Amino acid sequence: MADTVFIEGLVVETVVGVYDWEREVAQSLVIDLEMAWDNRVPGCSDDVADALDYGAVSECVDACLKRLQPQLLERAAEELAAVLQAEFGVGWLRLAIRKPGAVPDAAAVGVRIERGVR
Ligand SMILES: Nc1nc2c(c(=O)[nH]1)N=C([C@H](O)[C@@H](O)CO)CN2
């Protein structure tokens with residue numbers, strides 16, 4: 001199944017990082033998410049109940065990261081993948097998490113993972 005539902009540039013404010021000062025402040029993470037979904041079904045029914053609701057997924061990502069307050073982006077990515085697969089029945093996903101400004105001389109830093117079978 002080549003169909004996907006995607007979310008790009010979702011900004012989540014949370015406590016994240018390995019250093020002491022980072023445990024005292026909220027920082028922005030930027031999430032890109034691509035999830036396998038058979039879009040033929042909602043494409044016929046025109047019913048959001050058949051779709052992978054990107055609004056509901058976005059709310060879930062935000063809540064998950066605010067609750068987790070991870071040290072590492074790797075931890076955040078692994079938890080998000082597991083939660084989205086379990087709660088939405090997503091078989092395959094690819095996600096990237098960027099941490100703007102973490103390395104001032106870099107355009108962007110972060111992690112990207114792919115989990116599940118397409
Ligand atoms: N591979 C990673 N490297 C680093 C991470 C991370 O989450 N994954 N985090 C940090 C610090 O929290 C940094 O972002 C503070 O600016 C360092 N390296």
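The structure presented is a predicted model; accordingly, all values stated were derived computationally and were not measured. Start at 1 and go down the list; that is how both ligands and their atoms are numbered. For the single chain, residues carry numbers from 1 onward in sequence order. All values below come from the heavy atoms of this structure, side chains included, with hydrogens, waters and symmetry mates left out.
- Close approach of ligand 1 to G17 (heavy-atom distance below 4.0 Å) involves ligand atoms 12 (O).
- If you check which protein heavy atom lies closest to atom 16 (O) of ligand 1, you get A102 O, 3.7 Å.
- Judged by distance alone, the side chains of Q27 and E13 never bring a donor and an acceptor atom under 3.5 Å apart.
- Counting protein heavy atoms only, atom 12 (O) of ligand 1 is closest to E22 OE1, 2.7 Å.
- In this structure, L95 is not a member of the same hydrophobic cluster as W92, with clusters built from ILVMFWY side-chain heavy atoms closer than 4.5 Å.
- Using a 4.0 Å cut-off to heavy atoms of L73, the atoms of ligand 1 that qualify are 6 (C), 7 (O).
- Not a single protein heavy atom sits closer than 4.0 Å to atom 4 (C) of ligand 1.
- Shown in contact with E74 at under 4.0 Å from a heavy atom are these atoms of ligand 1, numbered in order with element: 1 (N), 2 (C), 6 (C), 7 (O), 8 (N).
- Under the 4.0 Å distance rule, the nearest protein heavy atom to atom 1 (N) of ligand 1 falls inside the cut-off.
- Of the protein's non-hydrogen atoms, V18 CG2, 4.0 Å is the one closest to atom 10 (C) of ligand 1.
- At least one donor-acceptor pair under 3.5 Å links the side chain of N39 to the backbone N or O of T4.
- Within the 3.5 Å criterion, the main-chain N or O of Y19 finds a donor-acceptor partner in the side chain of E22.
- Comparing V111, L72, V109 by heavy-atom distance to atom 6 (C) of ligand 1, the nearest is L72.
- Using a 4.5 Å cut-off on side-chain heavy atoms (C-beta onward), V61 and L80 make contact.
- Of the charged side-chain nitrogens involved, at least one lies within less than 4.0 Å of a carboxylate oxygen, so that D32 and R98 count as a salt-bridged pair.
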